[in-house]
Amino acid sequence: MAAAKRNILVTSALPYANGAIHIGHLVEYIQTDIWVRFQRLMGNRVLYLCGDDAHGTPIMLRARSEGVAPEQFIARMNQEHREDFARFGVKFDCYYSTHSPENEALCYLFYERLKAGGHIVHRDIEQFFDPVENIFLPDRFIRGQCPNCKAPDQYGDSCEVCGKHYSPTDLINPKSAVSGAVPERRSSRHFFLHLEDFRDQLLELIRGGLVDSAVANKLEEWFGKELKDWDISRDAPFFGFPIPGEANKYFYNWLDAPIGYLAALAKNLGGGAADAEEYWKLDDLEVYHFIGKDIIYFHALFWPAMLIGAGLKPPTKLCVHGHLTINGEKMSKSRGTFINAAQYARHLDTQWLRYYFATRLSASPADIDLSFEDFCNRVNSELVGKLANLISRAAPILTRLLDGRTGIVTVDALPVLNEFRNAESQIAMDYDQRNFAAVTRRICALADKANKFVEEQAPWSLVKTDEEAARGVLTAALECGRILMIYLKPIVPEMAAHVEKCLNIRPQTWRDIQNSMESHVINPFEHLTGRVEERKIQAMLEENKTDTTAAAAPGVPATPTATEEPLAPECSIEQFSAVDLRVGRVIHAEAIEATDKLMKVEIDAGPLGKRTVLAGIKKACTPEELTGRLVIFCANLAPRKMKFGTSEGMILASGPGGKDVFLLSVDQRATPGQRVH
RNA sequence: CCGAGGGUAGCUCAGCGGUUAGAGCCGGGGACUCAUAAUCCCUUGGUCGUGGGUUCGAUCCCCACCCCUCGGACCA
């Protein structure tokens, strides 16, 4: 009784078109691709759609700084992204872009319907404006002194020193991070989506299984209060779609980004907005969005609200995954663990990463860790030692000594083969529920059984006395290998294709698990994949230390990354020498418990005595690392009273903050109290 | 501080009310030699974060506490 074929539309989140794809992104695309390939293997109808999120201020500014038109810039990114995905076997039915005529038409359609439904409201808001660049500045593009702790050079939305959140208009001495100019406060009329209109439907949706329970719990929090209106407009100049009937107003790129899923659908269907809408409305169509936990808000609230408001059904399911950490820590450019997709592919087999991610992935939104040690172990012992080895040990004997012809499986193998075939439904269920870690566990357990069977039967000895018996054993071993490869096909499609070629069989589907390949001539064995060598990983990481340009901005949609810090206005030698910088030795350091960032540091400044400095470096180093080392600090900075004491100076460091703070050093022979000239 | 998730062998995790708590990897000892890539057998190793409670019985349920991770009002 074959179940009715499902009709599924699957998306991965649209990567932001201002940077390269990195291995953090790949968690999602590989996860989605595995799921899609599995559904196809089962015979279901699947459309897998994606594309670039190509609009917004960061892209506009980036293109400008490179001296090209935004269209040209995003076209190049699109090409790069496609190449990166192809390297990892991530295969879309359509990889499109939000900057497309289909998307524009759909965007207007959504807007008109939301407007007609009375869900769009207007309000004046005050924002900073860069008079040199003539643009309104997103919060992250404004820097200034924190209104709370007075730390200099903080972002417009929150302070990295004291952790306080505020509005950019609260900053002291704000500056545009783009031009360095002093921004002006300007008022502007913005458009909002009135989310409260959809409250009941959204709650029902979330409680009805749109997301798994862990995510649903999180979402419930947001319903504790009134849902805020969502600001969907941006002022000119902006790279995006103009709002119809309005002068100098554009749609915020997060409005047109999810609509981009439909645009890709339209493109794939070779039609327009109406065709996409018609397809979306098919009764049996299931819509699955694979997303990172950082964009739950957009996909669980805004997007369903937009769909409902436009008369379309909300998604069936949001598959939320966690973020990637490397060796237990966030990817970091300074640690050299920020690895781009293309860079990985230059050094290591992309099938390995697919396999490794599979062993770590489940339906949980918890972060997943890539530990290189674990990566080596799993790939070498499981993928190579257990799985590939099974075929590699059986096929060559058959080819060399028995004309490459399989026979009838030996009766001794029947229990093993039954177990292999009976695992089918459980593995299918694990795949369907995105529990790929369980899938690989089961597959490895089966591989262990098969290897044990081969070991016991010792066909390499048997062949000397009874060729047909040996043929029966090898036939069974290859049959096991074939079934394993079907199970593994969604995860390592390239390797599975090699096996199909070697076994001389047509591309296998899930149904072939129950078939057999008795009395059949196989092809000479070709190697499937190699072992991971430690030095290759080292070579990849080494490259990162020198090639800083490879570490492009993480392309998380709508999170603008800071541009380089603008050069401060010219200063005179007098002004420079007004700053008294000294060498100091840290004699004591302790983290301040009540804060995330502050460390209390006592500095021996030689003749100047001792100073206590409260520095925002708690995340970057430990008291142990700090104690005893020499630092450079500003000794004549006015003492600053802070919540946890008075800070009598400032330790010099570079880096963006958080974990990436790099203290200035001085050669060992320097002594505390010496002035820096 | 508030919220969510989690703390099970050196590592990565499974188990989630019921016989002496499991797997893989790593470590140790054998065997084998078909495997460009090895495998097989044996084996060391755990008061299941801590302290209470419910129960005939708890890793699993309840309470408190500790620790880790991730979120937290206008970026949404």
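Letters A, B, ... are given to chains in the order of the sequence lines, protein chains preceding strands, and every chain is numbered from 1. Please read these numbers as outputs of a predicted model, since none were measured by experiment.
B:rG24 and B:rA14 have their C1' atoms separated by 10 Å, with the value rounded to a whole Å. If you take atom P in B:rU59 and the same atom in B:rU19, they sit 11 Å apart, rounded to whole Å. Comparing B:rC63 with B:rA4, their P atoms sit 12 Å apart, to the nearest whole Å. Separating the P atom of B:rG46 from that of B:rC11 is a span of 13 Å, rounded to the nearest Å. Spacing between B:rC34 and B:rG18 at atom C1', rounded to whole Å, works out to 46 Å. Nucleotides B:rG6 and B:rG15, compared at atom C1', are 16 Å apart to the nearest Å. Rounded to the nearest Å, the gap between the P atom of B:rU44 and that of B:rC25 is 16 Å. On the P atoms, B:rU69 is 15 Å away from B:rC13, given to the nearest whole Å.
Here A:L193 contributes atom CG and A:H119 contributes atom NE2; the two are 8.0 Å apart, rounded to the nearest 0.5 Å. Atoms CG and CZ, from A:L26 and A:F357 in turn, are 6.5 Å apart once rounded to the nearest 0.5 Å. The CG atom of A:D229 sits 7.5 Å away from the CD atom of A:E226 when rounded to the nearest 0.5 Å. Distance check, rounded to the nearest 0.5 Å: CD1 of A:I34 to CG of A:L361 gives 6.5 Å.
Taking the six-membered ring for Trp, A:W222 and A:Y297 have ring centres closer than 6.0 Å.
An OP1 or OP2 oxygen of B:rC41 is reached within less than 4.0 angstrom by a side-chain nitrogen or oxygen of A:K452. Listed pair A:R360 / B:rC13 meets the phosphate criterion, a side-chain N or O lying under 4.0 Å from OP1 or OP2. Side-chain N/O atoms of A:R531 include none lying less than 4.0 angstrom from OP1 or OP2 on B:rU36.
Within 4.0 Å of A:I391, counting heavy atoms only, lies no atom of the nucleic acid at all. Using a 4.0 Å heavy-atom criterion, one finds that A:T359 contacts no nucleic acid atom at all. Counting non-hydrogen atoms under 4.0 angstrom, A:S392 reaches a base of the nucleic acid. Residue A:G530 is out of contact with every strand shown, counting any heavy-atom pair closer than 4.0 Å.
Pair assignment for B:rG5: B:rC68, on the basis of Watson-Crick or G-U wobble contacts that are both within less than 3.5 Å. When both distances must be under 3.5 Å, the Watson-Crick or G-U wobble mate of B:rC61 is B:rG53. Applying the Watson-Crick and G-U wobble criteria (two distances, each under 3.5 Å), B:rG17 pairs with nothing in any strand.
Every ring pair (Phe, Tyr, Trp, His ring centres under 6.0 Å) that A:Y431 has, sequence neighbours left out, goes to A:F38, A:F436.
Across the protein-nucleic acid pair, A:K218 atom NZ and B:rG6 atom P stand 12 Å apart, rounded to whole Å. Note: CZ (A:R441) to P (B:rG24) measures 12 Å, nearest angstrom. Here B:rC13 presents its C1' atom at 11 Å from OH of A:Y356, a figure rounded to the nearest Å. Rounded to a whole Å, the NE2 atom of A:H498 is 18 Å from the C1' atom of B:rA35. For the pair A:L324 CG and B:rC70 P, the interatomic distance rounds to 13 Å; values are reported in whole Å. The separation between A:D448 atom CG and B:rG24 atom C1' is 8 Å, rounded to whole Å. Summarising the geometry, the separation between CZ on A:R442 and C1' on B:rC13 is reported as 14 Å, rounded to the nearest angstrom. Separating the CD atom of A:E382 from the C1' atom of B:rC11 is a distance of 13 Å, rounded to the nearest angstrom.
Comparing atom distances between the A:K330 side chain and each of B:rU33, B:rG71, B:rC40 picks out B:rG71 as nearest. Considering only side-chain atoms of A:N389, the nucleotide from B:rC32, B:rU39, B:rA14 that sits closest is B:rU39. Distances were taken from every side-chain heavy atom of A:K228 (C-beta onward) to each of B:rG5, B:rC74, B:rG24; the shortest belongs to B:rC74. Listed candidates were B:rU36, B:rC34, B:rC70. Nearest to the side chain of A:D367 is B:rC70. Set against B:rU12, B:rG5, B:rC40, the side chain of A:E455 has B:rC40 as its closest nucleotide.
Judged by a 6.0 Å distance limit and a 45° cone about the ring axis, A:R186 is positioned over the six-membered ring of A:F129.
Both A:E526 and A:V215 lie near RNA chain B, and the one whose nearest nucleotide falls closer to the 5' end is A:V215. Nearest-nucleotide positions on RNA chain B for A:W230 and A:N377 put A:N377 closer to the 5' end.
Looking at A:K317 and A:D212, a side-chain N of the basic residue comes within less than 4.0 Å of a carboxylate O on the acidic one, giving a salt bridge.
Judged by atom type and distance alone, A:N217 does not reach the base of B:rA4 through any side-chain donor-acceptor pair under 3.5 Å.
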